[in-house]
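Below, all heavy atoms of this structure are taken into account, side chains as well, without hydrogens, waters or symmetry copies. Counting from 1, the numbers follow the sequence of the chain as shown.
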Amino acid sequence: MEQKDLSFEDAIKEIETIVQKLEQGDVPLEKAIEYFQEGIKLSQICKEKLTKVEKQMTSILNDQGEEAPFTVEEE
């Protein structure tokens, strides 16, 4: 499966795995750079997915059929 096809949750799990590997401290520099680059790509995928969901949520239609921003009412 390509990174872009990952779900948001799977991408987050992969980022967490990369962080754990880097925190061990015994990773060769070249491998650490590869992990870092992969983590950056995964974080961009997460950002794109969150932006897409945000746009979907702000496009929820109100009763009159007009676009209305999505808000959460706190009780």
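Within the 3.5 Å criterion, the main-chain N or O of Lys47 finds no donor-acceptor partner in the side chain of Lys52.
With sequence neighbours excluded, the residues forming a side-chain contact (heavy atoms from CB on, under 4.5 Å) with Ile40 are Phe36, listed by chain and number. Legend: residues meeting side-chain contact (heavy atoms from CB on, under 4.5 Å) with Leu50, ordered by chain and number and at least two apart, are Phe8.
Atom NZ of Lys49 and atom CD of Glu9 lie 9.0 Å apart (nearest 0.5 Å).
Looking only at side-chain heavy atoms (C-beta outward), Ile15 and Cys46 come within less than 4.5 Å of each other.
Taking every heavy atom of both residues into account, Tyr35 and Ile18 meet most closely at O-CG2, 3.5 Å. Shown here for Ala11 and Leu6, the closest heavy-atom pair between the two residues is CA-CD1, 4.2 Å.
Other residues, nucleotides and ligands contribute more than 12 heavy atoms inside 6.0 Å of the CD atom of Glu48.
Applying the salt bridge (Lys or Arg N to Asp or Glu O under 4.0 Å) test to pairs two or more places apart or on separate chains, those with a residue in residues 21-31 are Lys31-Glu34.
Cluster membership for Leu22 and Leu42, using ILVMFWY side-chain heavy atoms within less than 4.5 angstrom, is shared.
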